[in-house]
Structures are given as structure tokens and as C-alpha cells.
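Numbering starts at 1 and runs along the sequence shown.
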Amino acid sequence: MRIVLTTFLMVLAANLFAQTEDIKVPRLVKRTLENTGCSAYFPNDEELVLELSYSEDSSKVYTGEVYSGDHHFAIILVKLNDMELQNKEEKESIMVNYLDYLQENFSIESAAGYGKGHTMESDPEAVGVIDYWEDVDGDQWAVKAWANKNTLAVMMLYGPNEYPLFNVQQLFLDGFRFK
């Protein structure tokens, strides 16, 4: 019995090692986000190009993504026009409303539910909201939104399966910095 158990554990360990050996750990580097004064950590696999558009209220909306392995590391950055968010409740409300809007536009079929109350050491006024989604194609999404007085940022990591490197995922989602 002891030999069978030892053999089973060795086979299990070998399989786990073989699975993690195939995963390429991306090197995340701090990227300046155009002339917004904000920055975020993205994989160094390719250049991050941000596209600028305008919302209905003339707020500047920057979007961009980097593809690394089988996953997309993406950002939507909104510089709010003529609006200043005063308190935690206003910030969380605008983030939840925006994330609800994104769920419709990205054909999200299921969501874990919003986790509120996240804070940012570099900006004590900033508030964060996290969620995990699945879209119609079965892609798995880890999404974290950040807001301060006049800026909203949504960090999104998505692909055909849950991202396998939790520490890299957390560094990406928490790697956004306000001006």
C-alpha cells in the first residue's frame, strides 16, 4: 500500500510540474498611459497602444490591450468630463454602473458578483471594485475597476480559461496608478 501511495504522489507531482512548465510567466512593466498622468503594469510582450475616443458627455476614453499567451490584458481609462466624484459611495456607484454597461457590451453571461471596498495605498481617495465574469464564448474574465475624483479605470484580464498565474493576475489588476 505504501508503494502505491508513493508512486501515486510521484506521478501527481510530475503531472503538476509538467503543466506549470508550459506556462510562460510574462514580465510586467510599468507603462505610462498617454498624457493622462496615469500608469499601469502590462506584459512586455508587445507595445501597448491606446486609442482615444469620446463618450456622449465628451469624457476622454482611452482603450488598449496587450495579448500574452492565450490571454488579453486590457484597460479602459475614462477621464471624467465636468464631474467630480466626492465620496466612496459615488465612486462605487459609477464603477458598478460602468461594469454593468461593459457586461452587456462584452456579452457576459455570468458574474461572481461585485467585491467592493478595495483601496489603493498610493491614492487613499481611490476605491476599487472587483468581479469575475464568463462570456458567451466561455472566456473567463478577471475585472477590477478603480475610481478617484475624476478618473475611472477598468483593468481586464481574459482568455479561454482562468488565468493560471494568480500573482501575475493580481499585479496586473492592482497595478493601475492615478496621476
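The number of heavy-atom neighbours closer than 6.0 Å to CD of E90, taken from other residues, nucleotides and ligands shown, is above 12. Other residues, nucleotides and ligands contribute at most 12 non-hydrogen atoms within 6.0 Å of the CD atom of E121. Around atom NZ of K149, no more than 12 heavy atoms belonging to other residues, nucleotides or ligands sit under 6.0 Å away. For D137, the CG atom sits in a packed shell: over 12 heavy atoms of surrounding residues, nucleotides or ligands are nearer than 6.0 Å.
Among residues two or more places apart in sequence or in another chain, the side chain to side chain contact (heavy atoms under 4.5 Å, CB included) test is passed with E104 by none. Residues passing the side chain to side chain contact (heavy atoms under 4.5 Å, CB included) test with M120 are S122, D123, A126, W146, F176, R177, F178, sequence neighbours excluded. In terms of the side chain to side chain contact (heavy atoms under 4.5 Å, CB included) criterion, residue partners of S55 (sequence neighbours excluded) are, by chain and number, D57, S59, V61. Annotation: side-chain hydrogen bond (donor to acceptor under 3.5 Å, both in side chains) contacts of D100 (sequence neighbours excluded): Y114.
Distance check: L52 CG to K60 NZ gives 6.5 Å after rounding to the nearest 0.5 Å. Note that CG of L80 is 6.5 Å distant from CG of N150, once rounded to the nearest 0.5 Å. We find the OH-OG1 distance between Y62 and T151 to be 10.0 Å, quoted to the nearest 0.5 Å. To the nearest 0.5 Å, atom CG of residue L85 and atom CE of residue M83 are 6.5 Å apart. Atom CG in N81 sits 13.0 Å away from atom CD in E56 (nearest 0.5 Å). Here the OH-CD1 distance, from Y41 to I75, works out to 13.5 Å after rounding to the nearest 0.5 Å.
No continuous path of hydrophobic side-chain contacts links V29 to L77 [ILVMFWY only; heavy atoms under 4.5 Å]. Linking ILVMFWY side-chain heavy atoms closer than 4.5 Å, directly or via other members, places L173 and V25 in a single hydrophobic cluster.
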Which pairs would a plain distance check flag for residues 155-168, meaning a side-chain donor or acceptor within less than 3.5 Å of a matching protein atom at least two apart in sequence or in another chain?
residue : atom : partner : partner atom : Å
Y158    : OH   : E65     : OE1          : 3.0
N161    : OD1  : H71     : NE2          : 3.2

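Listed by first and then second residue, the salt bridge (charged side-chain N to carboxylate O under 4.0 Å, His left out) pairs that reach into residues 28-55 are K24-D45, sequence neighbours excluded.
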* Please step through side-chain contact (heavy atoms from CB on, under 4.5 Å) for the pair D131 and W141, ending with a clear verdict. => CA-CA 8 Å; D131 203 359; W141 296 62; over 6 Å; no

* Asked: M95 and L152: side-chain contact (heavy atoms from CB on, under 4.5 Å), yes or no, with the steps?
  -> CA-CA 7 Å; M95 285 186 289; L152 168 69; 3.4 Å; yes

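Looking only at distances, a side-chain donor or acceptor of K91 sits under 3.5 Å from a matching main-chain atom of E125. No side-chain donor-acceptor contact under 3.5 Å links D139 to the backbone of D135.
Of all heavy-atom pairs between S68 and F73, the closest is CB-CE1, 3.7 Å.
Side-chain contact between L33 and L50: present, with at least one pair of heavy atoms (C-beta onward) separated by less than 4.5 Å. Between W133 and S110 there is no side-chain heavy-atom pair separated by less than 4.5 Å. Between V154 and V143, some side-chain heavy-atom pair lies under the 4.5 Å cut-off. Between E134 and Q140 the shortest side-chain heavy-atom distance falls below 4.5 Å.
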